[in-house]
Chemist: 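Below is a structure I'd like to ask you about.
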Amino acid sequence: MAPASPVSSSPASPRLPRPTRGPAPAAHRQGRPAAMARLEVDRAFLRSPRGSLKISRTLVALAALICFVASGSHEAYGALAGMETGINVLFLLLYLLKLDARMWFLFWPLADILNSVIAALFLLVVSLFAIIIKTNKGTLAGGVLGLVLLVLCLVDVILLCKKISLDKPRGRSAPAK
């Protein structure tokens with residue numbers, strides 16, 4: 001006679017609820033925690049000067065990336081343009097989905113300023129190298145777009161510095177001085 005398995009012999013073993021298909025009942029949806037709440041899209045951010053600047057920075061960085069990759073230039077040029085594109089997309093999503101208000105433990109405007117300053121320094125060096133060396137027209141075009149991106153980074157720093165006030169509470173609707 002075979003011994004009974006320990007799983008089936010235990011009458012007090014808890015049963016997990018079956019996963020349901022389809023929408024959850026309204027009572028269940030209302031009781032979900034705040035962290036699982038639906039994300040809101042800040043449509044006004046897209047029309048604001050900072051939103052337009054983020055979008056233009058992303059597009060110019062993407063254009064520089066395409067120029068560097070298509071021309072077969074040094075990998076560092078494309079890597080910098082690719083990183084700048086990716087980081088700009090992440091900051092754009094952060095502000096667009098209002099995640100900066102949910103993740104309050106980090107002062108996001110200051111992180112954005114540091115990103116813009118560091119990106120501007122790297123863009124200055126890499127764009128000047130790309131323009132001076134100019135192995136072909138694609139590298140030259142990518143270098144010029146890198147300098148345009150450098151100017152956009154500096155404008156972003158200026159706009160963010162106007163927004164930050166250290167003596168007032170952190171809020172999304174704090175007016176710029």
Side-chain angles (χ1 to χ4, degrees), residues 19 22-24 28-71 73 75-127 130 138 141-166 168-177:
H28 181 63
R29 275 185 270 147
Q30 291 172 352
R32 70 177 151 200
M36 299 298 291
R38 197 169 152 218
L39 293 176
E40 296 178 28
V41 176
D42 188 6
R43 295 181 193 268
F45 177 74
L46 292 175
R47 293 184 293 269
S48 70
R50 286 186 48 234
S52 303
L53 188 62
K54 287 285 180 206
I55 292 170
S56 61
R57 274 183 68 182
T58 304
L59 293 177
V60 171
L62 182 64
L65 174 66
I66 291 170
C67 287
F68 286 138
V69 169
S71 68
S73 60
E75 293 87 14
Y77 302 154
L80 178 67
M83 287 294 293
E84 184 64 22
T85 303
I87 292 171
N88 280 328
V89 166
L90 290 177
F91 271 109
L92 182 65
L93 287 175
L94 177 89
Y95 293 127
L96 186 65
L97 298 176
K98 298 181 182 179
L99 294 175
D100 57 331
R102 289 181 184 221
M103 294 189 279
W104 53 267
F105 52 86
L106 188 62
F107 191 43
W108 288 105
L110 185 60
D112 202 359
I113 286 175
L114 289 175
N115 169 52
S116 296
V117 168
I118 292 170
L121 292 174
F122 278 121
L123 284 166
L124 178 66
V125 172
V126 169
S127 298
V144 170
L145 286 172
L147 288 178
V148 170
L149 189 56
L150 166 76
V151 171
L152 291 175
C153 285
L154 294 177
V155 170
D156 196 17
V157 168
I158 292 168
L159 285 178
L160 284 167
C161 284
K162 286 183 178 180
K163 180 186 183 235
I164 291 179
S165 61
L166 298 176
K168 293 183 181 178
R170 292 186 201 173
R172 287 182 59 89
S173 61
K177 291 183 180 179

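Computation of the quantities below employed the complete heavy-atom set of this structure, encompassing side-chain atoms and omitting hydrogens, waters and symmetry-equivalent molecules. Bear in mind the structure is a predicted one, so any value in this text is a computation, not a measurement.
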Chemist: Would you say the side chain of K162 lies within less than 4.5 Å of the side chain of I158, judging by non-hydrogen atoms?
Modeler: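 Contact flag for I158/K162 side chains = yes.
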
Chemist: May I ask you to test the I113-V117 pair for a side-chain heavy-atom distance under 4.5 Å?
Modeler: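 When only atoms from C-beta onward are counted, V117 and I113 do touch, with a gap below 4.5 Å.
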
Chemist: Say you draw a straight line from CD1 of I87 to CD1 of I118; how long is it, rounded to the nearest 0.5 Å?
Modeler: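 Rounded to the nearest 0.5 Å, the CD1-CD1 separation comes out at 9.0 Å.
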
Chemist: Grab the two heavy atoms, one from A120 and one from L150, that are nearest each other, plus how far apart they are.
Modeler: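 Where A120 meets L150 most closely, the heavy atoms are O-CD1, 3.1 Å.
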
Chemist: Do L147 and V144 have side chains that approach each other closer than 4.5 Å (heavy atoms only, starting at C-beta)?
Modeler: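 They are not in contact (no side-chain heavy atoms under 4.5 Å apart), so the answer is no.
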
Chemist: Rounded to the nearest 0.5 Å, how far does CG of L154 lie from CG of L149?
Modeler: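 Separation between the atoms: 10.0 Å.
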
Chemist: Any non-hydrogen side-chain atom of V157 less than 4.5 Å from a side-chain atom of C161?
Modeler: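 The answer is yes, as the side chains (C-beta and beyond) meet within the 4.5 Å cut-off.
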
Chemist: For a 4.5 angstrom cut-off between non-hydrogen side-chain atoms, does R50 reach L160?
Modeler: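 Yes, at least one pair of side-chain atoms sits under 4.5 Å.
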
Chemist: Please give me the minimum heavy-atom distance between L46 and S52, naming the atom from each residue.
Modeler: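 Taking L46 first and S52 second, the nearest heavy atoms are O-OG, 3.7 Å.
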
Chemist: Restricting to non-hydrogen atoms, name the atom on L99 and the atom on L93 that form the minimum distance, rounded to 0.1 Å.
Modeler: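 In terms of heavy atoms, the two residues are closest at CD1-O, 4.4 Å.
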
Chemist: Could you tell me whether the side chain of Y95 reaches within less than 4.5 Å of the side chain of D42, counting heavy atoms only?
Modeler: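 No, side chains not in contact.
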
Chemist: To the closest 0.5 Å, what do you measure between CG (L65) and OG1 (T58)?
Modeler: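 So the CG of L65 and the OG1 of T58 are separated by 12.0 Å.
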
Chemist: Distance from N88 atom CG to M83 atom CE, nearest 0.5 Å?
Modeler: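 Rounded to the nearest 0.5 Å, the CG-CE separation comes out at 11.0 Å.
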
Chemist: Rounded to the nearest 0.5 Å, what's the gap from CG on L80 to OG1 on T85? Could you check?
Modeler: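 Answer rounded to 0.5 Å: 9.0 Å.
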
Chemist: To the nearest 0.5 Å, how far apart are CD1 in I164 and CG in L159?
Modeler: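 Separation between the atoms: 11.5 Å.
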
Chemist: Can you see which heavy atom on R57 is nearest to which on S116, and at what distance?
Modeler: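 Heavy-atom minimum between the residues: NH1-OG, 2.9 Å.
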
Chemist: Can you say whether the rings of F91 and W108 are parallel (under 30°), tilted (30 to 60°) or perpendicular (over 60°)?
Modeler: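 Perpendicular: the ring planes of F91 and W108 meet at over 60°.
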
Chemist: Where is the tightest heavy-atom contact between C153 and A119, given as atom of each residue plus distance?
Modeler: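 Smallest interatomic distance, heavy atoms only, reads SG-CB, 4.2 Å.
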
Chemist: Contact between L97 and R102 at the side-chain level, heavy atoms closer than 4.5 Å - yes or no?
Modeler: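 Sidechains of R102 and L97: no contact.
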
Chemist: Check whether any side-chain heavy atom of K54 lies under 4.5 Å from a side-chain heavy atom of D112, and answer yes or no.
Modeler: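 With C-beta onward as the side chain, the pair touches.
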
Chemist: Do you know the tightest heavy-atom contact between A81 and F68?
Modeler: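 Heavy atoms only, the tightest pair is CB-CD1, 4.2 Å.
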
